[in-house]
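Let me begin by presenting the structure, written as structure tokens, before commenting on it.
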Amino acid sequence: MGGKTKNQRIYSANPNDYKLLEEVGYGATATVFRAIYLPSNEVVAVKCLDLDRCNSNLDDIRREAQTMILIDHPNVVRAYCSFVVGRNLWVVMPFMAEGSCLHLMKIAYPDGFEEAAIGSILKETLKALDYLHRQGHIHRDVKAGNILLDTNGVIKLADFGVSACMFDTGERQRIRNTFVGTPCWMAPEVLQPGSGYNSKADIWSFGITALELAHGHAPFSKYPPMKVLLMTIQNAPPGLDYDRDKKFSKSFKEMVAMCLVKDQAKRPTAEKLLKHSFFKHAKSPELSVKKLFTDLPPLWNRVKALQLKDAAQLALKKMPSAEQEALSQSEYQRGVSAWNFDIEDLKAQASLVRDDDDDDGPEMREEGKGMKYVVSEKDSIDFQTSFGKLNLNYELAQPEYRGRTSGEETPQADVLNRKGKVVESDLLESGCQEKVGWRKNGSSAEASSSMSEKDMVQAKTKTQTLKSRQTQSGPLMPGAVLSHSVSERVRISESFSGPLLLPNRASANSLSAPIKSTGGYRDSLDDRSKANLVQIRGRFSVTSENLDLVKDIPLSTVPRRSTQGSPLRKSASVGEWIFDSKQAPINQSPKEFSNGNLPASLLMPHLQHLFMQTTTQQDLIMNLLYSMQPAEVADATQNGKLPPLPRSSENNGTIETVASERERLLLLKISELQFRTVNLCEELTAEKLKYIQLQHQLNAVSGQEENGDRREGDA
Ligand SMILES: Nc1ncnc2c1ncn2[C@@H]1O[C@H](COP(=O)(O)OP(=O)(O)OP(=O)(O)O)[C@@H](O)[C@H]1O
């Protein structure tokens, strides 16, 4: 749909009216180009959203675009218009010439901005949030990467990819109960199963963004996503408490602390927060922000340099295992939304977690240095044991690459239709000559290059290796922008982190998803072509698609474990844990579910899935339990926190030393699982009722028809 702006300028919905120039940004699902709107010769930004990579359905995507079009606030990026081009949705927006705060930090302020600039950026962002909340929206992805800057110092909040409407009801409201965002920025209540959330989730993310701007990275950003999730729930909220934070004012620290309160009810609203003294005294962005980008090269050159830097760094990492983990972690640190997920990834991520580095130490690793994660033999064994029993044939599918020469204007046709092959030449041509960092001290920009020519050659070789491993995605549609440049190459393999969309209710993750009233059950069965492939891009989603993987496994083929007596089983999905229904405090017994009016054909896939899920969950929990100190287990059991631990011959009483954190995690998980199981049962019962009602209606209708026939016969 084309559109009019407030000043009545009309933007057409014809892609030929837009000349795409340089790539100025990318996210999980979109590439953003600087572009010229030819009819008026105006510079605009065109976000090309790859519909194939969106987890959302077209309605949701349209809704995002529509929301952006209706938005009318100086601090919110609005869309001029949007339209579908092949398999892409193009969203035309104002061009924000200095890009995102994240890019700016990465290129010139790796340790964060000074307080005056932070104050201005946050104040403008908070105005945007205040407006959105008043309009009934929750942004759900507030982070430096979504705060855009213009050359004149204007600051706008962007990206409604995951925004939700607080006034939504029904299915829409369900969406609001999902687990959305980017791990480091996500509020605890968003991560907790079942606990609904509201606009206060944005306030938490806003607080995390404040820390991000102050330090150059978000708290916990060095950890793999699963660990971040747990730390967010378990640890005390992060704050400006370290030595390095002494330079910040008391009012800044206080403001951050107000946002990062775990109890959402105690967090202030955006409106109230705006009245805080920190914002009252904030300078105008003209004064404090504009100077941040003097002396910096144009945005597209910065973006290109960053892409090259990332590609080279990642390719050069000597990681203990495959390159994917390195890519993943780097992507994660950037907070870009692209998280491909599979069990192998989980294993890899989990194996990177060290028990002794739980605190977000005062000094974060810089990107590059930050890639040194240590995989202790013990950790990797622990997790391999835990996850190794999963036998799901997941495969990471990668789209193909496209590259293009830096700096040049790329003709539109070229951008649209070329399938890139310029991986190496990009690195060599541009990377060796270009400076890849402009670390700024005060007002002068100091260029620095972190890559030697030799590095680049090595990078090239590694990149080729990566490339050769990639599975090709589908063919490009004519006219569609499915081009993937260097950034894409990095993003493609990496993508384990970034925004998550993980339904936080058991319902969404298991039984209910297939039997959604929207006809999801049938759909998800039909979608089975996706089985064996978990290619979840953008907001990470573990829903019915994932469940399809196990849905059709005949019950008889599911291995029974010797730990049958154990109350817990591990989920086949992402560490989703549920309590065995045998022990869960529910009213319905499994028998009740199976002996109702529901035909076995309808129930079996659910039951099989449930069985699979509980079996795998049990494995994981048993392994964790066995790895605990006997005293800890006994203690917890006696306190009634844990059910009695069955002993198996496999274990033979050998107990490894494990930090007590694991026990805490376990207990937390158990309560989550109980909750989810209850939800599951409720949903199953509800569905069962619905089914019975339908049957009644059907009977009534067929009864009426019979009567009618009879009357006709009589007549
Ligand atoms: N209007 C714009 N002007 C200039 N740059 C932009 C504009 N919109 C987006 N960008 C750049 O493109 C990047 C990605 O855009 P966007 O966040 O909308 O994509 P996405 O796929 O939704 O990303 P994510 O899911 O990671 O938030 C931004 O971080 C920013 O650097």
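One-based numbering, in listed order, for ligands and for the atoms of each. Computed from a predicted structure; not experimentally measured. In this chain, numbering begins with 1 at the start of the sequence shown.
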### Summary
To atom 12 (O) of ligand 1, the nearest of Gly25, Cys48, Ala45 on a heavy-atom basis is Gly25
### Location of contacts on Met96 toward ligand 1, heavy atoms closer than 4.0 Å
both
### ligand 1 atoms in contact with Asp141 (distance to a heavy atom under 4.0 Å)
27 (O)
### Query
Do Thr151 and Glu98 have a side chain donor and acceptor closer than 3.5 Å?
yes
### Query
Mind checking whether Pro94 has a heavy atom under 4.0 Å from ligand 1?
yes
### Reference residue Leu157; test side chain to side chain contact (heavy atoms under 4.5 Å, CB included); the match among Asp141, Asn75, Val77, Leu129
Leu129
### Message
At under 4.0 Å between heavy atoms, is it the side chain or the backbone of Val303 that contacts ligand 1, or both, or neither?
### Response
neither
### Message
Using a 3.5 Å cut-off on N or O atoms only, is Gly145 in polar contact with ligand 1?
### Response
yes
### Query
Does the ring centre of Tyr26 sit less than 6.0 Å away from the ring centre of Phe33?
no
### Leu102, portion touching ligand 1 at heavy-atom distance under 4.0 Å
neither
### Task
Run the numbers for me: atoms of ligand 1, each under 4.0 Å from some heavy atom of His103, listed by number.
31 (O)
### Query
Judged by modelled atom types alone, do Asp111 and His215 share a side-chain donor-acceptor pair under 3.5 Å?
no
## Note on the structure
Quick look: Ala30 vs ligand 1, heavy-atom contacts under 4.0 Å, and the answer is both
### Task
Below 4.0 angstrom from a heavy atom of Lys143, which ligand 1 atoms are there? Numbered from 1 as shown, please.
26 (O), 27 (O)
## Note on the structure
The option among Val32, Leu149, Val44 carrying the non-hydrogen atom nearest to atom 6 (C) of ligand 1 is Val32
### Task
Give yes or no for whether the N/O distance cutoff of 3.5 Å, strictly under, is met between Leu148 and ligand 1.
no
#### Entry: Donor-acceptor under 3.5 Å (Lys156 side chain, Pro74 main chain)
yes
### Task
With sequence neighbours left out, write down each residue that passes side chain to side chain donor-acceptor pair (under 3.5 Å) with Asp150, or none if nothing qualifies.
none
### Query
Should the pair Glu189-Arg267 be classified as a salt bridge under the 4.0 Å nitrogen-to-oxygen rule?
yes
### Task
Using a strict 4.0 Å cut-off to heavy atoms of Asn146, name the atoms of ligand 1 that fall inside it.
17 (O), 27 (O)
### Query
What part of Arg34 sits under 4.0 Å from ligand 1 if we count only heavy atoms: the side chain, the backbone, both or neither?
neither
### Query
Taking Glu23 as the fixed residue, which of Arg34, Gln307, Lys304 is the one that meets the side chain to side chain donor-acceptor pair (under 3.5 Å) rule?
Gln307
### Query
Of all heavy-atom pairs between Ile208 and Pro219, which one has the smallest distance, and what is that distance?
CG2-CD, 3.8 Å
## Note on the structure
Note: Arg78, heavy atoms under 4.0 Å from ligand 1, region reported as neither
### Message
Once you restrict to heavy atoms under 4.0 Å, what part of Ala97 touches ligand 1? Side chain, backbone, both or neither.
### Response
neither
#### Entry: Those residues that, when tested against Ala35, pass side-chain contact (heavy atoms from CB on, under 4.5 Å) (two or more places apart)
Leu20, Val44, Val46
### Summary
Here the atoms of ligand 1 under 4.0 Å from any heavy atom belonging to Met93 are 1 (N), 8 (N)
### Task
Verify whether one side chain among Tyr11 and Glu42 offers a donor that lies under 3.5 Å from an acceptor in the other.
yes
